[in-house]
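Contents: one structure, followed by commentary.
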Amino acid sequence: MVALGGGHGLYASLSALRRVTTDVTAVVTVADDGGSSGRLRRELGVLPPGDLRMALAALCGDDEWGHTWSEVIQHRFRSEGDLHGHAVGNLLIVALWELLGDSVAGLDWVGQLLGAHGRVLPMSSVPLDLLAEVEGADPARPHEITEVRGQVACASTSGRVRSISLVPKDPPASPPAVKAVREADWVVFGPGSWFTSVLPHLLVPDLADALVTTKARRVVALNLSPQRGETDGFRPETYLEVLAAHAPRLGVDVVLADRGVVDDPGRLREAAEALGGRLVLADVRADDGSARHDPARLAAAFDRVLRG
């Protein structure tokens, strides 16, 4: 299985997928420009390591080794100096990149150290910037369309994101990521920040072509709630409509959604069928009331999809 995304959404899917398959690969967006990742990217010219680190942490096992190393690489320094806010895993990943001169080899070495139950790959071999068309960024001009650049700016805009593109345009894909997609049995889109974590994969030409032409079956795992700015006002079927707008040739086999957030299953089923897929409803939300997937429940839902 190949899972696409970044950040907390990909963390959720990987935490579930490693429970149902022994062969999972994460293909991770590389457009983050904030926090520790942004600082390392600007200072050293490297790929932003943060989303890659989170994916590796998600693939750590449930034993003492896995728990310990997951906590270590996620740990952030707290100080009054330059190390403040840096994640240990980010520094470890960048150190291996500098020593080996190869981003994929560096991630593979970190995965071996952690005992990760899968592989983590960048979607592109170069760091990227997101460029978003945003409606109503200025409250005084609610219908005006403006451009916003950078993942942090796109994710935190007060307007509504309408579409995204990448800078540089048509960036090179990571060859191992393309190979993984072409050889996969299943490809999973989402959950996650739709415009900044999921859709960027479809804007890297070689990767997009692999996603469209692969013989793998495709699953879209929908979010539990809209995100301010990015997906304000989205209904469950809106995610599919935006996906189709950015990748008209992409077909979908399964749409997985939480039963509790779908108030009109008929409309969502029609949207799934319009993409060639079927709708699977399941209880995947955590019991704490947050918009967070429960790993065990999501794993059970994925297992149901795989067996379906």
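Values below: all heavy atoms of this structure, side chains included; hydrogens, waters and symmetry mates excluded.
Residues meeting the salt bridge (Lys or Arg N to Asp or Glu O under 4.0 Å) test with R259, sequence neighbours left out: D283. With sequence neighbours left out, S290 forms a side-chain hydrogen bond (donor to acceptor under 3.5 Å, both in side chains) with D288. Considering only residues two or more places apart in sequence or on other chains, D303 meets the salt bridge (Lys or Arg N to Asp or Glu O under 4.0 Å) condition with R307. Remark: H67 engages no residue in a ring pair (Phe, Tyr, Trp, His ring centres under 6.0 Å) (not counting sequence neighbours). Under the rule for a side-chain contact (heavy atoms from CB on, under 4.5 Å), the partners of E144 that lie at least two apart in sequence or sit in another chain are R141, T146. Every residue meeting the salt bridge (Lys or Arg N to Asp or Glu O under 4.0 Å) condition with R119, not counting sequence neighbours, appears here in chain and number order: D108. By the side-chain contact (heavy atoms from CB on, under 4.5 Å) test, T231 is found to be paired with W194, F195, P226, Q227, F234, Y239, residues two or more places apart in sequence or in another chain being considered. In terms of the side-chain contact (heavy atoms from CB on, under 4.5 Å) criterion, residue partners of A247 (sequence neighbours excluded) are, by chain and number, L202, L250.
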**Q.** Derivation and outcome, side chain to side chain contact (heavy atoms under 4.5 Å, CB included), residues L268 and L222
**A.** CA-CA 11 Å; L268 182 57; L222 294 182; 4.0 Å; yes
Q: Quick one: do D33 and L130 satisfy side chain to side chain contact (heavy atoms under 4.5 Å, CB included)? Show the steps, please.
A: CA-CA 9 Å; D33 60 352; L130 289 176; over 6 Å; no
Q: Report the C-alpha separation of L113 and L92 in whole Å, then their side-chain angles, then the decisive distance to 0.1 Å, and conclude whether the side chain to side chain contact (heavy atoms under 4.5 Å, CB included) test is met.
A: CA-CA 11 Å; L113 172 65; L92 176 62; 3.9 Å; yes
Q: Applying side chain to side chain contact (heavy atoms under 4.5 Å, CB included), run through L4 and V198 and close with a yes or a no.
A: CA-CA 7 Å; L4 310 175; V198 178; 5.9 Å; no
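Pairs engaging residues 8-30 under the side chain to side chain donor-acceptor pair (under 3.5 Å) rule: R18-D62 [sequence neighbours left out]. Counting only residues at least two apart or in different chains, side chain to side chain donor-acceptor pair (under 3.5 Å) contacts with residues 35-52 comprise S36-H86, S36-N90, R39-H86, R41-D129. Pairs of residues two or more places apart, or lying in two chains, never qualify as salt bridge (charged side-chain N to carboxylate O under 4.0 Å, His left out) while including a residue from residues 187-205. A side chain to side chain donor-acceptor pair (under 3.5 Å) check over residues 170-187, counting only residues at least two apart or in different chains, returns the pairs K179-E183, R182-D209, R182-T213.
If you take CG on D263 and CZ on R235, they are separated by 4.5 Å, rounding to the nearest 0.5 Å. Atoms CG and OG, from N223 and S193 in turn, are 7.5 Å apart once rounded to the nearest 0.5 Å. The CG atom of D264 lies 7.0 Å from the CD atom of E237; values are rounded to the nearest 0.5 Å.
A salt bridge links E135 with R162: the distance from a Lys NZ or Arg NE/NH1/NH2 to an Asp or Glu carboxylate oxygen falls below 4.0 Å.
Between the D253 side chain and the G277 main chain, no donor and acceptor come within less than 3.5 Å of each other.
Applying the side-chain contact (heavy atoms from CB on, under 4.5 Å) test between R304 and each of V254, V280, L256 identifies V280 as the sole match. For the side-chain contact (heavy atoms from CB on, under 4.5 Å) test with L243, the passing option among V255, L199, T238 is L199; the others fail. The only option from V28, L59, V188 that meets the side-chain contact (heavy atoms from CB on, under 4.5 Å) definition with L14 turns out to be L59.
In this structure, W69 places its CH2 atom where only 12 or fewer heavy-atom neighbours from other residues, nucleotides or ligands lie under 6.0 Å away. More than 12 heavy-atom neighbours from other residues, nucleotides or ligands sit within 6.0 angstrom of CZ on R278.
When every heavy atom of L96 is checked against every heavy atom of G106, the shortest pair comes out as CD1-O, 3.8 Å.
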